[in-house]
Amino acid sequence: MRVGIVILPDQRWSVAARRWRLAEEYGFDQAWTYDHIGWRDLVDGPWFDAVPTLTAAALVTSRIRLGTMVASPNFRHPVHFAREVTALDDVSGGRLTLGLGAGGISYDAAVLGRPALTPRQRVDRFGEFLGLLDELLRDGRADFAGEYYSAVDARSTPGCVQAPRAPFIVAANGPRAMRLAARHGQGWVTTGEKAEDLDGWWRSVAALAERFAAAEAGAGRRPGEIDRVLSLDAAPVFSLSSVDFFADAVGRASDLGFTDVVTHWPRESSWYAGSEAVVEKVASEVLPHLGRGPR
């Protein structure tokens, strides 16, 4: 079981740099950040872009994997994003992991003034996004004409440090998105489904894990070939509310076949409100006892 932590891009770098350094020092396997133009009631800021944030994080760390949780087609184009990905992978020395999702209906989907898409259209767009980004990063060149994206002699030279490209961790809860995750992903990430109580949320996670196993088999992938990543903090209770609660959540995720869990760096108030002291205790009391391996 590997453990990642999300550090929201809601602090100036003079404050945030310490958190990224500590994530590595504490022994987390990955450090992630959100990729949004604005997020929920934090839209008025402070809020910073994911790409320069991860670039800065790469320069103050040396071992921990870094990534987006998750980038989406709401405002990213595969051609330009491929350039950002190759630069990030280079600066980090091959430590980049791309969390990718279809994009929701929140601020990111409206701020550019584009027409609202139906759930089916968002998945259709996501399929084009994944396919073109995958082709560019693997092959270094692509021509494409789709409903949502086009590319004319697009390039990604010199390509990623990692071969054949930086790994994709694809977010999916619905059947069509799961098929995309099984086709393109080195990992699948889920937040579970909305539930009023903790047990209900864990039941939804178990059901989604079973559905993804079917999608994985349908794509001809070997059982266990695709990493399974669970974002713990979509549950009704913050995973770092206590050390014991976090350890229990990790155990339950492992029992359901997940290879990775993701928590969030505690904030002073509002979303993911908690204490940094719990992070320190998790680092000393939980992380050293997990059997973890490289991605």
Side-chain angles (χ1 to χ4, degrees), residues 2-37 39 45-72 75-101 133-134 136-138 140 155-171 185-187 189 227 229 231 260-267 272 276 279-280 283 287 292-295:
R2 293 174 294 254
V3 180
I5 191 163
V6 175
I7 302 171
L8 265 61
D10 64 340
Q11 298 290 336
R12 292 192 180 277
W13 190 247
S14 58
V15 176
R18 166 186 166 273
R19 296 178 178 179
W20 292 88
R21 291 191 190 99
L22 284 176
E24 179 167 271
E25 292 174 12
Y26 285 159
F28 286 96
D29 296 283
Q30 315 112 11
W32 308 88
T33 200
Y34 284 1
D35 189 29
H36 293 284
I37 296 176
W39 186 70
W47 193 263
F48 298 93
D49 187 75
V51 171
T53 296
L54 290 171
T55 304
L59 297 176
V60 298
T61 59
S62 61
R63 299 181 306 279
I64 194 169
R65 292 198 67 85
L66 306 168
T68 51
M69 187 58 73
V70 292
S72 84
F75 61 95
R76 299 230 177 256
H77 192 290
V79 172
H80 180 239
F81 194 41
R83 286 296 192 190
E84 294 177 307
V85 168
T86 56
L88 271 173
D89 200 48
D90 182 64
V91 171
S92 68
R95 291 185 287 132
L96 178 66
T97 299
L98 287 174
L100 302 166
L133 184 63
D134 191 9
L136 267 171
L137 294 176
R138 287 180 184 272
R155 316 192 187 181
S156 64
T157 309
C160 293
V161 173
Q162 300 174 88
R165 57 157 168 74
F168 289 2
I169 306 296
V170 180
Q186 285 65 59
V189 60
D227 291 339
V229 184
S231 183
D260 301 69
V261 295
V262 177
T263 185
H264 288 73
W265 196 278
R267 302 176 68 250
Y272 317 122
E276 289 192 9
V279 181
E280 186 174 359
L287 299 188
R292 296 179 285 172
R295 181 169 300 286

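These numbers come from the heavy atoms of this one structure, side chains and all, not from hydrogens, waters or symmetry mates. Computed from a predicted model, the values in this text were never measured in an experiment.
The distance from the CD atom of Q186 to the CD1 atom of I169 is 7.0 Å, given to the nearest 0.5 Å. Atoms CG and OG1, on L136 and T157 in that order, are 9.5 Å from each other to the nearest 0.5 Å. Residue E280 holds its CD atom at 10.5 Å from CD of E25, rounded to the nearest 0.5 Å. Rounded to the nearest 0.5 angstrom, F81 CZ and T86 OG1 are separated by 10.5 Å. Atom CH2 of W13 is separated from atom OG1 of T53 by 6.5 Å, given to the nearest 0.5 angstrom. Interatomic distance, F75 CZ to H36 NE2, rounded to the nearest 0.5 Å: 7.5 Å.
Side-chain atoms of Q162 come within 3.5 Å of backbone atoms of L96 as a donor-acceptor pair (strictly under, hydrogens ignored). Judged by distance alone, with hydrogens and angles left aside, the side-chain atoms of D29 form no donor-acceptor pair with the main-chain N or O of G4 at under 3.5 Å. Without hydrogens or angle criteria, T68 side chain to G99 main chain gives a donor-acceptor distance under 3.5 Å. Side-chain atoms of R155 never come within 3.5 Å of backbone atoms of V79 as a donor-acceptor pair (strictly under, hydrogens ignored). Counting only distance, with no hydrogens or angles, the side chain of Q30 and the backbone of G67 share no donor-acceptor pair below 3.5 Å.
Scanning both residues, A17 and V60, for their nearest heavy atoms gives O-CG2, 4.4 Å. Nearest approach of R83 to S156, heavy atoms of both residues: NH1-C, 3.6 Å. Closest of all the heavy-atom pairs between A58 and V91 is CB-CG1, 4.0 Å. Nearest heavy-atom pair across Y34 and M69 is CD1-O, 3.2 Å. Here the closest non-hydrogen pair linking S92 and L66 is CB-CD1, 4.5 Å. Between W20 and A31 the shortest heavy-atom distance is CZ3-CB, 3.5 Å.
Looking at heavy atoms from C-beta onward, R12 lies out of side-chain contact with P46 at the 4.5 angstrom threshold. Within the 4.5 Å cutoff, side-chain heavy atoms of L100 are placed close to those of L133. Counting heavy atoms from C-beta outward, Q11 and R19 have side chains that approach closer than 4.5 Å. Side-chain contact check for W32 versus V189: every heavy-atom pair is 4.5 Å or farther apart. Within the 4.5 Å cutoff, the side chain of V85 has no heavy atoms near those of the R165 side chain. Side-chain contact check for F28 versus V279: some heavy-atom pair is nearer than 4.5 Å.
Using a 30° and 60° split on the angle between ring planes, Y272 and W39 fall in the parallel class, below 30°.
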Could you go through V70 and D35, starting from their C-alpha distance and side-chain angles, then the distance that decides it, and tell me whether this counts as side chain to side chain contact (heavy atoms under 4.5 Å, CB included)?
CA-CA 6 Å; V70 292; D35 189 29; over 6 Å; no

Verify side chain to side chain contact (heavy atoms under 4.5 Å, CB included) between V6 and L8, making sure each step is shown before the conclusion.
CA-CA 6 Å; V6 175; L8 265 61; 3.8 Å; yes

Could you walk me through whether E84 and R76 pass the side chain to side chain contact (heavy atoms under 4.5 Å, CB included) test, one step at a time?
CA-CA 10 Å; E84 294 177 307; R76 299 230 177 256; 3.2 Å; yes

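Side-chain contact check for R95 and T61: at least one donor-acceptor pair (N or O, by modelled atom type) lies under 3.5 Å.
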